[in-house]
Amino acid sequence: MSLDLSDAEREFLARVTKFADEHVGPKAQIWEDERRMPVDALRAASKAGFAGLEVPETLGGFGGRFRLKVRVAEELSRHCFAFAFSLINHMGLAGKIARDAPEELARKYLPEMLSGDAIGCTALTEPGAGSDFSAITTSAKKVKGGWLLNGKKAWITNAAHADLMFLYAQTDPDAGWRGVAGFLVDGREDGVTRLPPFKIMGGHAIGAGGFVLEDHFVPDVRLMSLPGDGFKAAMAGVNAARTYVAAMCCGMTEAAITLAARYAANRTAFGGNIADFQGLRWQLADAQTDVEAARLLAYRATLSVESRENAELDAAHAKKFAARMADAHLPRIMQVMGAAGLRREYPLGRQIACARIANYVDGTTEIQNERIARALFKQAEKG
Ligand SMILES: Cc1cc2nc3c(=O)[nH]c(=O)nc-3n(C[C@H](O)[C@H](O)[C@H](O)COP(=O)(O)OP(=O)(O)OC[C@H]3O[C@@H](n4cnc5c(N)ncnc54)[C@H](O)[C@@H]3O)c2cc1C
């Protein structure tokens with residue numbers, strides 16, 4: 001199964017690949033050494049037109065389909081999963097503004113998102129609520145002309161530099177998920193404080209961090225998802241996110257396999273080539289088989305997201321399988337390279353950290369299993 005792209009989409013993907021070859025691959029380890037989110041590269045990628053992938057041409061973007069976003073995420077992840085996730089999150093907010101924001105907001109914010117002068121993020125998670133998203137406590141209180149937001153967001157991709165965020169807050173604590181609404185927040189305005197980004201085991205290019213909101217005023221026009229719709233919108237968006245994360249795991253793991261195969265083909269031991277040891281050959285062969293299977297699931301989910309049919313289940317299968325696959329195979333691929341696999345010249349350490357990250361973002365592996373089990377038992381109850 002492949003994802004057919006139009007000529008224009010193929011050309012877009014080729015430009016992304018060239019950008020990744022020149023500006024991402026050679027820099028990724030330096031960003032990791034410096035434990036920083038490379039906002040300069042993110043702005044350069046935006047200026048190259050990549051932030052507008054989902055934005056219609058009439059609004060200054062490219063107008064690509066979801067399948068192009070998936071392929072871009074997969075290709076970029078061959079070079080740096082963390083940077084890919086950062087760019088994909090940024091382009092996600094640009095696409096959302098183009099799709100859902102009133103015209104005056106789109107006019108104001110889209111140009112700076114597309115140029116990368118403003119960086120975007122999506123903020124659901126809080127220090128006290130991750131998987132249980134309906135338990136968020138950041139509050140939105142109605143006041144004259146708008147809303148006052150108070151609370152704290154944590155583990156937000158791009159938070160290290162983000163200016164604009166699509167932020168979910170609770171308008172009525174007694175209403176549970178029905179009270180959750182979505183706001184476009186401009187972090188450069190009063191009442192928003194950026195927290196220092198998290199120091200993590202790897203993948204710092206993601207720029208994961210948080211914000212504190214203290215009596216932050218948001219005008220009515222920036223309430224983009226009404227109470228109740230906010231939760232549903234977040235859940236619908238998460239199926240797409242799970243799908244591209246699955247494809248990202250494929251790109252990253254396949255790049256590691258290629259690297260290890262090249263290394264093994266040139267390394268000798270006991271008078272022969274280590275690539276001739278069947279145990280090692282089969283490690284890589286097994287990893288490649290699982291990448292192929294994971295990619296099929298990811299591409300199937302891509303078509304389901306595009307057609308809006310069975311997306312929740314297909315995305316859950318794809319993400320669960322791909323994140324586990326990367327997590328399981330990357331240490332074995334590293335083993336093929338012997339101690340050399342540990343060296344910073346090689347990406348395997350970063351990739352292992354990013355495989356761990358893949359098991360958390362956009363719903364943990366356990367939450368995917370819950371989705372799958374729920375569907376399974378619903379079917380069983382029907383007889
Ligand atoms: C690098 C990074 C970037 C991120 N980017 C963003 C972002 O841009 N925006 C954003 O909003 N969030 C983001 N997140 C947060 C991510 O979505 C959460 O980490 C995730 O939802 C899990 O929440 P948690 O970490 O609080 O774990 P918890 O919810 O506290 O879960 C702890 C453990 O319990 C398990 N668990 C929880 N509920 C169940 C259940 N019902 N059944 C079985 N097991 C369960 C979990 O799977 C996990 O193993 C990011 C996280 C990371 C690591």
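Just so you know, ligand 1 is whichever comes first in the structure, and atom 1 is the first atom listed for that ligand.
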| Under 3.5 Å, N or O to N or O, is Ile206 touching ligand 1 that way? | no
| query | Counting only non-hydrogen atoms of the protein, does one fall under 4.0 Å from atom 44 (N) of ligand 1? | reply | yes
| field | Exercise check, heavy-atom protein proximity under 4.0 Å to atom 20 (C) of ligand 1 | value | yes
| task | Give the atoms of ligand 1, by number and element, whose distance to some non-hydrogen atom of Thr364 is under 4.0 Å. | result | 22 (C), 46 (C), 47 (O)
| remark: Numbered in order shown, the ligand 1 atoms found under 4.0 Å of a heavy atom of Val361 are 2 (C), 3 (C), 4 (C), 50 (C), 51 (C), 52 (C)
| query | If you count the atoms of ligand 1 from 1 in the order shown, which ones are under 4.0 Å from a heavy atom of Ile357? | reply | 1 (C)
| request: Evaluate the side-chain contact (heavy atoms from CB on, under 4.5 Å) criterion for residues Leu13 and Glu75: first the C-alpha distance (whole Å), next the side-chain angles of each, then the deciding distance (0.1 Å), finally the verdict. | output: CA-CA 8 Å; Leu13 184 61; Glu75 289 306 314; 3.8 Å; yes
| task | Output yes when Glu254 and Arg295 qualify as a salt bridge under the 4.0 Å nitrogen-oxygen rule, no when they do not. | result | yes
| request: Examine the side chains of Thr137 and Gln170 and answer whether a donor and an acceptor come within less than 3.5 Å of each other. | output: no
| field | 4.5 Å side-chain heavy-atom contact, Ile206 and Asn158 | value | no
| task | Run the ring-centre check on Trp147 versus Phe217 and record whether the distance is less than 6.0 Å. | result | no
| task | Compare all side-chain heavy atoms of Leu93 with those of Cys121 and state whether any distance is below 4.5 angstrom. | result | no
| remark: Of Asn369, Leu167, Ile367, the one whose closest heavy atom lies nearest atom 39 (C) of ligand 1 is Ile367
| message | Counting only nitrogen or oxygen atoms and a 3.5 angstrom limit, does Thr122 reach ligand 1? | response | yes
| request: Looking only at protein heavy atoms, identify the closest one to atom 15 (C) of ligand 1 and say how far it is in Å. | output: Thr125 OG1, 3.2 Å
| request: May I ask whether atom 25 (O) of ligand 1 is less than 4.0 Å from at least one protein heavy atom? | output: no
| query | Which protein non-hydrogen atom lies closest to atom 49 (O) of ligand 1, naming both residue and atom, and how far is it? | reply | Glu366 OE1, 3.5 Å
| query | Hey, does the side chain of Glu74 reach the backbone of Tyr244 with a donor-acceptor pair shorter than 3.5 angstrom? | reply | no
Cut-off 3.5 Å, no hydrogens considered: what does the side-chain donor-acceptor table look like for residues 268-276, sequence neighbours left out?
unit_1, atom_1, unit_2, atom_2, d
Asn273, OD1, Ala275, N, 2.8
Asn273, ND2, Ala265, O, 2.8

| remark: For atom 13 (C) of ligand 1, the closest protein heavy atom turns out to be Trp155 O, 2.7 Å
| query | When you measure from atom 31 (O) of ligand 1 to every protein heavy atom, which one gives the shortest distance, and what is it? | reply | Ser131 OG, 3.7 Å
| query | Of the protein's non-hydrogen atoms, which lies at the shortest distance from atom 42 (N) of ligand 1, and what is that distance? | reply | Glu370 CG, 3.9 Å
| query | Is the CZ atom of Arg308 crowded by more than 12 outside heavy atoms at less than 6.0 Å? | reply | no
| query | Taking side chain as C-beta onward, heavy atoms only, is Lys96 less than 4.5 Å from Met224? | reply | yes
| message | In the complex you have, is atom 34 (O) of ligand 1 within reach of the protein, judged by whether a heavy-atom distance drops under 4.0 Å? | response | no
| message | Among all protein heavy atoms in this structure, tell me which lies nearest to atom 8 (O) of ligand 1, with the distance rounded to 0.1 Å. | response | Thr157 N, 2.9 Å
